[in-house]
Enquirer: 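Take a look at this one; I'll ask things after.
Computed over heavy atoms, backbone and side chain alike; hydrogens, waters and symmetry mates excluded.
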Amino acid sequence: TLERYHNIYSFHASSLFSPSRNTLLLVVGGAGAGKTVFLLKGLEDDWAIFSTEMTHFRFTDKGYEFYMGSLYDNIRLGNLIYDFPRANERLKVEIPPVADVWGHKIAIDMRHIAAAPRYLNPRVTVVDARIESGRDKPIVKTINRKEKIVKILFDNATEKLGPTLVFYDVIPVETFDTPELMRQRLQVMTRFVDEVKLNPVKSVLAGAKNCMEGI
């Protein structure tokens with residue numbers, strides 16, 4: 001509905017905004033890629049939460065605009081206690097007594113440290129993320145080829161629309177996507193790369209604590 005009637009595109013991406021940099025950090029990646037880790041690491045600096053799951057975007061008469069997504073996230077207690085204790089100084093989460101902090105997640109409301117609801121024409125840093133535990137040295141690569149950047153954005157914006165679904169374990173539902181929407185989405189992602197004020201696009205393979213190095 002957002003795409004078809006409002007020309008709003010939704011990245012499967014967590015995002016943060018840094019007022020001092022006037023920059024939106026867009027962390028793209030599928031389930032389990034480590035997007036939450038970037039949120040927690042960003043909270044140790046001056047970044048504010050813009051979305052924990054989906055980040056929305058469209059072109060307007062004034063340029064381009066980003067819209068806030070979800071401000072709730074399920075976070076592993078071990079990450080708060082051992083990896084990002086300074087982040088929890090801002091989150092102010094009361095740690096519950098559990099036997100296994102790495103096997104326990106809690107839903108956290110981040111509205112009290114949220115960014116503004118929308119941003120018009122900010123600079124944007126796109127990070128194609130993959131976080132692996134125990135990785136001491138990050139591997140950060142700059143992606144220069146336009147076609148590859150377009151494909152990363154297109155695949156990410158398509159991720160929630162493309163798969164078939166099974167509702168209530170018994171009702172199979174075909175994809176919500178259509179060839180017409182896909183063609184339009186690809187054109188918009190190409191325009192995104194041409195017109196958005198992009199910092200160098202990064203591919204990051206890192207551990208939790210060093211995920212922001214080289215960005």
Side-chain angles (χ1 to χ4, degrees), residues 1-30 33-73 75 84 87 90-91 108-129 140 142-143 146 149-161 184-204 211-212 214-215:
T1 299
L2 288 174
E3 284 196 9
R4 192 186 305 273
Y5 298 110
H6 304 287
N7 296 317
I8 294 176
Y9 293 84
S10 300
F11 294 108
H12 184 200
S14 61
S15 52
L16 304 104
F17 186 81
S18 170
S20 66
R21 303 170 179 87
N22 186 34
T23 295
L24 184 82
L25 177 63
L26 189 70
V27 184
V28 302
K35 297 187 295 296
T36 296
V37 164
F38 281 85
L39 296 181
L40 296 175
K41 184 63 178 176
L43 291 179
E44 296 187 339
D45 198 346
D46 76 335
W47 298 88
I49 302 295
F50 191 60
S51 178
T52 62
E53 179 67 15
M54 304 293 290
T55 303
H56 312 288
F57 159 89
R58 73 172 167 182
F59 285 103
T60 71
D61 293 339
K62 297 180 180 179
Y64 55 90
E65 195 164 24
F66 286 88
Y67 305 99
M68 178 174 281
S70 165
L71 296 176
Y72 287 79
D73 203 3
I75 295 180
F84 304 107
R90 294 181 65 186
L91 288 170
I108 296 178
D109 181 353
M110 301 186 180
R111 286 178 294 177
H112 63 293
I113 50 172
R118 61 180 65 189
Y119 288 100
L120 180 66
N121 301 329
R123 296 202 65 83
V124 178
T125 298
V126 177
V127 173
D128 185 15
V140 182
T142 300
I143 303 173
K146 174 184 173 180
I149 298 171
V150 170
K151 187 174 187 307
I152 288 172
L153 296 172
F154 174 83
D155 288 346
N156 187 263
T158 303
E159 188 172 329
K160 293 291 188 178
L161 298 173
Q184 181 174 313
R185 192 179 311 122
L186 182 59
Q187 291 172 357
V188 170
M189 295 306 136
T190 301
R191 184 181 176 189
F192 186 105
V193 176
D194 287 335
E195 298 184 19
V196 171
K197 292 179 285 188
L198 282 175
N199 293 323
V201 176
K202 301 292 186 177
S203 169
V204 175
C211 63
M212 286 285 201
I215 296 176

Enquirer: So, for Ser51 and Gly69, which heavy atoms are closest and what is the spacing to 0.1 Å?
Expert: OG-CA, 3.4 Å
Enquirer: Walk me through whether Leu153 and Val188 qualify under side-chain contact (heavy atoms from CB on, under 4.5 Å).
Expert: CA-CA 10 Å; Leu153 296 172; Val188 170; over 6 Å; no
Enquirer: Got Val124 and Thr23 here, is their nearest side-chain heavy-atom distance under 4.5 Å?
Expert: no
Enquirer: Any idea which heavy atoms bring Ser15 and Leu24 closest together, and the distance?
Expert: CB-CD1, 4.4 Å
Enquirer: Within the 4.5 Å heavy-atom criterion, are Val201 and Val193 side-chain neighbours or not?
Expert: no
Enquirer: Would a 4.5 Å heavy-atom cut-off, applied to side chains only, mark Leu40 and Ile75 as touching?
Expert: yes
Enquirer: Atom CD1 in Ile215, atom OG1 in Thr142: separation rounded to 0.5 Å?
Expert: 10.0 Å
Enquirer: Spell out, as yes or no, whether a donor-acceptor pair under 3.5 Å connects the side chain of Asn156 to the backbone of His12.
Expert: yes
Enquirer: Evaluate the side-chain proximity of Phe38 to Val127: yes if any heavy-atom separation is below 4.5 Å, no if none is.
Expert: yes
Enquirer: If you compare all heavy atoms of Gly63 against all heavy atoms of Asn121, which two are closest, and at what distance to 0.1 Å?
Expert: CA-OD1, 3.4 Å
Enquirer: Measure the spacing between OG1 of Thr158 and CG of Leu186 and express it to the nearest 0.5 Å.
Expert: 8.5 Å
Enquirer: What distance do Arg21 atom CZ and Trp47 atom CH2 have between them, rounded to the nearest 0.5 Å?
Expert: 5.0 Å
Enquirer: Can you tell me if Thr52 and Ser70 form a side-chain donor-acceptor pair at under 3.5 Å?
Expert: yes
Enquirer: For the OG1 atom of Thr125 and the CE atom of Met212, what is their distance to the nearest 0.5 Å?
Expert: 9.5 Å
Enquirer: I'd like to know whether NZ of Lys197 has more than 12 heavy-atom contacts from other residues, nucleotides or ligands below 6.0 angstrom.
Expert: yes
Enquirer: Under 6.0 Å between the ring centres of Phe17 and Tyr119?
Expert: yes
Enquirer: Do Asp194 and Lys146 make a side-chain contact, defined as non-hydrogen atoms from C-beta onward lying under 4.5 Å apart?
Expert: yes
Enquirer: What are the two closest non-hydrogen atoms of Ala115 and Phe50, and how far apart are they?
Expert: CB-CD1, 4.1 Å
Enquirer: Would a distance-only check, ignoring hydrogens and angles, find a side-chain to backbone donor-acceptor pair under 3.5 Å from Ser10 to Met54?
Expert: no
Enquirer: Could you point out which residue of Arg185, Arg58, Glu3, Gln184 forms a side chain to side chain donor-acceptor pair (under 3.5 Å) with Tyr9?
Expert: Gln184
Enquirer: Work out which heavy atom in His112 is nearest to a heavy atom in Leu91; give both atom names and the distance.
Expert: NE2-O, 3.1 Å
Enquirer: Give a yes-or-no answer on whether the side chains of Tyr64 and Arg191 include a donor-acceptor pair shorter than 3.5 Å.
Expert: no
Enquirer: Roughly how far, to the nearest 0.5 Å, is CE of Met189 from CD1 of Ile152?
Expert: 13.0 Å
Enquirer: I'd like to know if the side chain of Lys35 and the backbone of Gly29 have a donor-acceptor N/O pair within less than 3.5 Å.
Expert: yes
Enquirer: So, do Leu71 and Ile113 sit near enough that their side-chain heavy atoms are less than 4.5 Å apart?
Expert: no
Enquirer: What are the two closest heavy atoms between Arg90 and Gly42, and how far apart are they?
Expert: NH1-O, 4.3 Å
Enquirer: With the side chain counted from C-beta on, respond yes when Leu25 and Ser18 share a heavy-atom pair under 4.5 Å apart, and no when they do not.
Expert: no
Enquirer: Roughly how far apart are Asp73 CG and Met110 CE, rounded to 0.5 Å?
Expert: 5.0 Å
Enquirer: With Phe192, which residues qualify under ring pair (Phe, Tyr, Trp, His ring centres under 6.0 Å), at least two apart?
Expert: Phe11, Phe57
Enquirer: Do Ser203 and Asp128 have a side chain donor and acceptor closer than 3.5 Å?
Expert: no
